[in-house]
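Scope of the values below: all heavy atoms of this structure, side chains included, with no hydrogens, waters or symmetry mates.
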Amino acid sequence: METRGDFEVQLEGMREYYRGGNTRGASWRKSQLRGLGRLLEEREAEMNAALEFDLGKHPVESYRDEIGSLIKSVNYALGCLKGWMSAEKAKLPLAAVLTTAEIIPEPLGLVLIISSWNFPFGLSLEPLIGALAAGNVVVLKPSEVAPRCSSLLANVLPAYLDPKAVKVVEGGPTISEQLVQQKWDKILFTGSARVGRMVMAAAANHLTPVTLELGGKCPAVLDSLSNSWVREVAVQRILGSKFSACAGQACIAIDYVLVETKFSSTLLELMKAWISKMLGENPRESRSMARIVNKNHFFRLKTLLEDPNVKASIVYGGSMDENSLFIEPTILLDPPLESGLMQDEIFGPLLPIITLKKIEDSINFINSRPKPLAIYVFTHNDSLRKRMVAETSSGSVTFNDAMVQYVADTLPFGGIGESGMGNYHGKFSFDTFSHHKAVVRRSFLVDFWFRFPPWNDHKLQLFRSMYLFDYLGVLLTVLGLKKSKQD
């Protein structure tokens with residue numbers, strides 16, 4: 001699939017395969033999900049090796065964030081598939097006598113999944129689970145920024161999935177551009193907002209619906225917790241979210257922390273102690289922290305830190321090694337809000353701490369910026385919790401932890417505003433790649449004569465009563481005991 005002509009020929013072949021009904025049956029869908037399950041079990045060592053080569057991930061991190069999470073998702077989809085595929089009976093009003101209705105999920109058809117490099121298996125196969133469960137044919141475009149992972153997917157997927165229904169296309173931006181110019185029944189894109197805008201613009205040419213998973217600057221709000229043990233737990237969870245998830249190269253990783261000024265010095269000491277406990281005195285040698293994906297991203301982060309005003313705010317870490325593409329955990333205290341560090345998504349192991357007079361000011365701080373993919377709030381203050389839910393807007397809000405919402409199959413995962421549109425995971429993935437078709441069945445035996453012309457005031461009164469579900473009024477009007485308002 002290299003030229004535009006090749007794309008069109010192969011895509012038309014996939015459409016024909018779909019039109020033949022090959023993917024609609026439950027048995028086909030289950031066979032594909034089971035195939036993914038076997039792939040994850042049989043190729044775990046190869047996947048670990050690819051993730052270590054591309055991103056320096058430890059096998060435990062790889063299993064936690066990608067392989068194990070995907071096995072869980074496959075098993076969940078297999079267990080729920082019958083229910084997801086079942087028609088849902090729709091409740092109709094009493095007036096719809098001798099009428100039944102149901103909502104039937106049907107596959108969209110030919111869909112495109114463009115995934116990101118930071119979780120190259122997770123962000124490729126998680127949406128693929130939903131697309132196959134829904135009965136679609138799928139083209140998957142992994143990120144070329146994680147080349148070993150992309151190559152592994154291209155080489156092994158055909159051995160586990162129906163090759164007529166699932167194809168992997170490798171390549172860079174030119175290939176992606178050619179793909180999005182084609183006609184699709186759905187596109188799911190994970191990546192930057194800049195590229196997301198381009199995908200959406202191209203999709204508009206064919207009125208193709210899109211789901212965009214984009215990210216943004218996810219804040220953590222840390223209240224001045226009074227219990228020392230609770231403080232330790234909160235700090236451990238914050239640091240784990242930031243530094244142990246692809247070295248902060250994650251769309252739902254904590255981007256910065258909001259804290260009261262009076263608590264900032266205590267927080268810094270706790271963070272320094274916990275970084276040492278989690279990653280040792282030399283984090284690079286611990287192998288428990290991933291590296292930066294490539295030199296472009298390494299120098300992007302280096303440039304952020306080289307801003308003199310930003311550099312002056314570093315209170316921990318800051319060292320980096322270009323040869324190994326490693327940046328140690330770095331904490332900054334009150335860097336300039338107008339700096340690139342605080343304007344753009346960091347996507348790396350740099351953690352700014354922003355101090356506020358009182359923690360309630362965090363609400364205005366968050367609302368003054370684009371809507372984030374996630375907000376994390378560490379507090380026992382019930383009033384603050386309620387205000388965070390009611391007064392802020394984000395893809396999700398999690399209290400007293402971070403990133404755990406991603407692994408819950410019963411929760412939708414997705415953004416709002418500049419952090420994305422649409423969602424997936426669990427049944428939400430199935431729904432994202434399905435059309436929910438309304439099916440109505442009527443009898444010939446009963447009808448309402450007044451719904452047809454010619455019109456008169458008597459019929460208008462019947463409609464007034466009917467749309468208010470005033471069945472007594474309908475009866476009285478028919479019997480001539482209730483006159484129209486015009487009479």
Side-chain angles (χ1 to χ4, degrees), residues 24-26 29 76-77 79-109 130 133-135 185-186 207 209-211 371 382-383 385-397 408-417 421-487:
R24 287 180 174 264
R29 304 184 195 199
Y76 183 78
C80 297
L81 185 61
K82 182 179 179 181
W84 293 349
M85 292 180 63
S86 299
E88 178 186 350
K89 187 175 181 180
K91 186 177 180 180
L92 296 175
L94 183 62
V97 62
L98 295 183
T99 303
T100 61
E102 58 186 356
I103 302 167
I104 298 178
E106 63 179 17
L108 293 173
D185 295 299
K186 183 65 179 273
L207 295 180
V210 297
T211 294
K371 297 176 181 180
D382 192 51
S383 174
R385 289 178 180 173
K386 291 177 180 178
R387 289 191 64 192
M388 278 290 172
V389 172
E391 298 179 28
T392 66
S393 181
S394 59
S396 65
V397 180
D409 294 298
T410 53
L411 293 176
F413 176 75
I416 181 173
M421 63 178 69
N423 51 56
Y424 69 115
H425 284 203
K427 188 176 186 295
F428 300 98
S429 294
F430 179 88
D431 291 341
T432 287
F433 292 105
S434 297
H435 167 62
H436 291 82
K437 181 165 61 179
V439 178
V440 180
R441 297 178 176 88
R442 287 269 287 149
S443 169
F444 286 109
L445 298 177
V446 177
D447 214 335
F448 296 101
W449 53 270
F450 57 85
R451 69 189 182 110
F452 303 112
W455 307 126
N456 54 46
D457 292 342
H458 182 64
K459 291 183 178 180
L460 178 59
Q461 183 58 46
L462 286 167
F463 276 122
R464 292 187 191 280
S465 298
M466 184 67 78
Y467 283 135
L468 291 172
F469 303 112
D470 177 12
Y471 301 120
L472 177 60
V474 171
L475 179 60
L476 293 175
T477 302
V478 170
L479 295 175
L481 301 177
K482 183 177 182 180
K483 294 184 178 181
S484 64
K485 293 182 179 180
Q486 284 79 3
D487 291 343

Review point. Only one of Val478, Leu472, Val474, Leu476 forms a side-chain contact (heavy atoms from CB on, under 4.5 Å) with Ser465, so which one is it?
Key: Val474
Practice item. Please name all residues satisfying side chain to side chain donor-acceptor pair (under 3.5 Å) with Lys427, sequence neighbours left out, ordered by chain then number. Key: Asp431
Practice item. Starting at CZ of Arg24, measure out to CZ of Arg29 and round the result to the nearest 0.5 Å. Key: 8.0 Å
**Study point:** Point-to-point distance, once rounded to the nearest 0.5 Å, from OG of Ser86 to CD of Glu88
**Key:** 10.5 Å
Point to revise | Verdict with reasoning, Ser396 to Leu411, per side-chain contact (heavy atoms from CB on, under 4.5 Å) | key: CA-CA 9 Å; Ser396 65; Leu411 293 176; over 6 Å; no
**Study point:** Gly426 versus Tyr76, closest heavy-atom pair with distance
**Key:** CA-CE2, 4.0 Å
Check your understanding: Should the ring pair His458 and Trp449 be called parallel, tilted or perpendicular, given that the plane angle runs from 0 to 90° and is split at 30 and 60?
Key -> parallel
Study note, to complete from the structure: d(Lys482 NZ, Leu462 CG) to nearest 0.5 Å is 9.5 Å
Study note, to complete from the structure: Separation between OG1 (Thr211) and OH (Tyr424), nearest 0.5 Å, reads 9.5 Å
**Study point:** Rounded distance (nearest 0.5 Å) linking atom CG of Leu475 with atom CG of Leu481
**Key:** 8.0 Å
Practice item. Just jot down the ring pair (Phe, Tyr, Trp, His ring centres under 6.0 Å) partners of Phe430, sequence neighbours excluded, or say none. Key: Trp84
Check your understanding: Closest heavy-atom contact between Met466 and Ala95?
Key -> SD-CB, 3.5 Å
Review point. Does Lys371 reach the main-chain N or O of Gly415 with its side chain, forming a donor-acceptor pair under 3.5 Å?
Key: no
Check your understanding: Side chain of Arg442, backbone of Thr99: donor and acceptor closer than 3.5 Å?
Key -> no
Exercise for review: Start with the C-alpha distance between Met388 and Arg385, add both sets of side-chain angles, then the distance that settles side-chain contact (heavy atoms from CB on, under 4.5 Å), and finish with yes or no.
Suggested key: CA-CA 5 Å; Met388 278 290 172; Arg385 289 178 180 173; 5.8 Å; no
Revision key, fill the gap. Rounded to the nearest 0.5 Å, the OG1 atom of Thr477 sits from the CG atom of Asp457 at a distance of 12.0 Å
Point to revise | Closest non-hydrogen atom pair, Ser394 against Val397 | key: OG-CG2, 3.5 Å
Revision key, fill the gap. Closest non-hydrogen contact found for Ala101 with Val440 is CB-CG2, 4.1 Å
Review point. Is there a donor-acceptor pair closer than 3.5 Å between any side-chain N or O of Lys89 and the backbone N or O of Thr100?
Key: no
Check your understanding: Can you find a pair of side-chain heavy atoms, one from Lys459 and one from Pro453, that are under 4.5 Å apart?
Key -> no
Review point. Does Phe448 have any ring pair (Phe, Tyr, Trp, His ring centres under 6.0 Å) partners at least two apart in sequence or in another chain, and if so, which?
Key: Phe450
Study note, to complete from the structure: Of all heavy-atom pairs linking Ala87 and Glu102, the shortest is CB-OE1, 3.4 Å
Practice item. Grab the two heavy atoms, one from Pro107 and one from Gly135, that are nearest each other, plus how far apart they are. Key: CB-O, 3.3 Å
